[in-house]
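Structure first, commentary second.
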Amino acid sequence: MEKLWAGLSSGKVSEIADDFNSSIKFDKRLYKEDITGSIAHAQMLNKCGIITDAEADTLVNGLSLVLNDIETGALKIDDRAEDIHTFVEETLTERVGAVGKKLHTARSRNDQVALDFRLYILKETQAILAAIKTLVKAIADKAEEYKDAVCAGYTHLQRAQPITFGHHLLAYAFMLIRDYERFNDAVKRVSVSPIGSCALAGTTYNTDRAFEAAALGLSRVCENSIDGVSDRDFVAEFISCCALLQTHLSRFAEEIILWTSWEFKFVSLSDEFTTGSSIMPQKRNSDMAELVRGKTGRVFGDLTGILTVLKGLPLAYNKDMQEDKELAFDAADTVKACLAVFAPMVATMTAHRENMKAAAQKGFINATDLADYLTKKGEPFRSAYKICGEIVGYCIKNGKTLETLSLDEYHSFSGLFESDLYKAIDIENCVNKRVSEGGTSVASVEKQISTVNDFLHKI
Ligand code: ARG
């Protein structure tokens with residue numbers, strides 16, 4: 001096959017070089033964006049009087065047919081082509097004749113690939129936004145189901161204070177809402193048209209870049225043609241949004257793995273989202289959650305990859321930039337796959353109220369409430385804290401809990417204790433007294449659930 005750029009050179013490169021240089025095997029997935037971009041380009045050339053109406057019709061119809069034939073499978077993308085741009089242009093020219101060679105007027109593959117990739121990232125962003133929304137909804141529904149399920153809250157993985165399971169789950173809903181906002185905010189930086197930057201310096205033709213951008217649904221054109229073909233910030237930003245989202249999914253996955261272990265048994269996943277062991281009949285493994293945690297590493301790798309590809313590049317286009325594709329494809333595919341499995345996994349999981357409550361009743365989780373009780377009776381918090389620490393030490397030594405200590409025993413630590421202390425340290429009471437905004441009481445959790453649901457309705 002003659003090279004698109006045969007002219008000065010023979011266009012004959014070694015097979016090894018050809019294979020090494022070619023990107024068709026992975027950039028073929030940009031066929032739709034490439035053809036959509038080319039249709040808008042032909043329309044712009046026509047509008048600006050650079051090609052005739054008849055030529056534009058031929059190009060637009062020809063491109064639409066190429067798209068249709070790829071989608072129906074009638075046209076196979078030839079893996080021997082250099083890249084998807086070359087393949088589409090050559091196929092078009094074979095089909096419509098010499099007019100096909102006019103399509104590349106006032107355009108270069110440098111601005112063409114930047115455009116295609118922006119359209120692709122926009123499409124993937126929309127798919128990810130929808131998938132995040134589905135997961136947030138699943139979490140909000142689970143939080144509603146368990147808004148009053150008392151459970152141990154942890155710091156340093158040590159039992160810290162009693163919380164509700166719904167409250168804990170909602171923390172993830174809010175992380176994911178931030179992820180949603182981050183992806184959504186990036187759209188305004190992706191939705192910028194580089195087309196018309198040409199190779200790097202713009203063009204001598206009297207083109208209409210704004211018309212072409214609008215035809216593609218993009219918000220505006222880039223201001224600087226050198227930046228237009230050199231900028232891959234939108235790729236790095238997209239992958240970095242993916243990486244942070246994966247961080248959140250991975251933390252959640254890690255907790256699910258812990259919670260489903262026999263050491264915790266706070267949660268069981270449905271059979272549909274667990275696997276068994278080939279040798280140990282008793283096992284239910286949380287493979288999906290483990291894979292989400294594991295796949296996070298790939299996305300971090302994609303982020304490191306794109307930043308590293310870009311960091312030493314002189315302006316403007318360099319072939320290094322072809323390396324951006326597989327990184328973004330991998331990040332998008334991974335994030336979509338993780339979100340797709342996570343939402344139904346959460347929606348079908350069951351929490352074990354008794355086990356969670358039992359955990360909340362151990363570990364002197366209400367010691368802060370005991371200190372608050374003394375403080376409210378007039379003891380300064382710092383000394384109340386110390387007295388309660390001594391009481392916990394006494395309980396540990398004597399095999400007692402705060403609930404089973406007698407009032408006489410309490411009096412040996414402070415005369416401020418009265419019989420109402422038992423109510424103050426009752427676990428359910430400890431939870432429901434935490435009415436501060438964002439806190440763990442059922443009322444507060446209900447408010448948080450409506451905030452999440454309001455967000456979901458708004459988007
Ligand atoms: N396959 C190339 C890429 O993905 C397309 C742009 C080629 N431009 C060039 N000047 N060789 O970056």
Side-chain angles (χ1 to χ4, degrees), residues 1-38 40-41 66 70 77-93 101 103-124 190 192-203 222 225-236 238-239 302 305-333:
M1 210 184 291
E2 187 178 66
K3 288 287 172 220
L4 196 71
W5 33 266
L8 168 64
S9 100
S10 67
K12 288 193 181 61
V13 284
S14 101
E15 216 174 290
I16 296 173
D18 207 21
D19 203 42
F20 187 68
N21 192 43
S22 155
S23 54
I24 188 91
K25 289 198 182 72
F26 50 85
D27 68 17
K28 62 178 157 198
R29 69 155 106 177
L30 297 177
Y31 73 86
K32 195 166 186 178
E33 287 73 21
D34 193 72
I35 296 173
T36 313
S38 287
H41 192 64
V66 172
I70 293 175
I77 296 176
D78 185 350
D79 277 357
R80 289 166 308 167
E82 189 176 323
D83 55 29
I84 190 63
H85 327 292
T86 315
F87 174 77
V88 169
E89 191 183 321
E90 285 176 352
T91 306
L92 177 72
T93 305
K101 298 186 179 176
L103 177 63
H104 213 53
T105 314
R107 180 172 86 165
S108 150
R109 272 188 302 167
N110 298 350
D111 56 347
Q112 186 180 358
V113 71
L115 172 69
D116 293 2
F117 210 24
R118 282 175 181 271
L119 295 176
Y120 166 82
I121 298 282
L122 285 172
K123 180 175 79 182
E124 292 299 65
V190 189
V192 177
S193 175
I195 200 79
S197 297
C198 301
L200 79 165
T203 180
C222 68
S225 61
I226 299 175
D227 187 37
V229 291
S230 311
D231 172 21
R232 292 293 183 275
D233 290 7
F234 66 97
V235 185
F238 172 74
I239 302 180
D302 296 328
I306 186 70
L307 295 172
T308 313
V309 164
L310 295 177
K311 75 176 268 296
L313 286 189
L315 304 180
Y317 178 82
N318 299 269
K319 196 63 179 250
D320 313 46
M321 292 159 99
Q322 181 166 286
E323 287 294 308
D324 60 1
K325 313 280 173 323
E326 288 162 291
L327 300 170
F329 293 161
D330 183 66
D333 291 348

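Just so you know, ligand 1 is whichever comes first in the structure, and atom 1 is the first atom listed for that ligand.
Residues of the protein with a heavy atom under 4.0 Å from ligand 1 are Ser23, Asp27, Asp83, His85, Arg109, Asn110, Val113, Tyr317, Gln322, Lys325, listed by chain and number.
For NZ of Lys101, the number of neighbouring non-hydrogen atoms (other residues, nucleotides, ligands) closer than 6.0 Å is 12 at most.
Applying the ring-ring contact (aromatic ring centres under 6.0 Å, His included) rule to Phe87 yields no partners; only residues at least two apart in sequence or on another chain are considered. Legend: residues meeting side chain to side chain contact (heavy atoms under 4.5 Å, CB included) with Val309, ordered by chain and number and at least two apart, are Asp320, Glu323. When the salt bridge (charged side-chain N to carboxylate O under 4.0 Å, His left out) test is applied to Asp333, the partners found at least two apart in sequence or on another chain are Arg29.
Between Arg109 and Glu82, at least one side-chain nitrogen of the basic residue sits less than 4.0 Å from a carboxylate oxygen of the acidic one, meeting the salt-bridge criterion. Between Lys325 and Asp116 there is no salt bridge, since no side-chain N of the basic residue sits under 4.0 Å from a carboxylate O of the acidic one.
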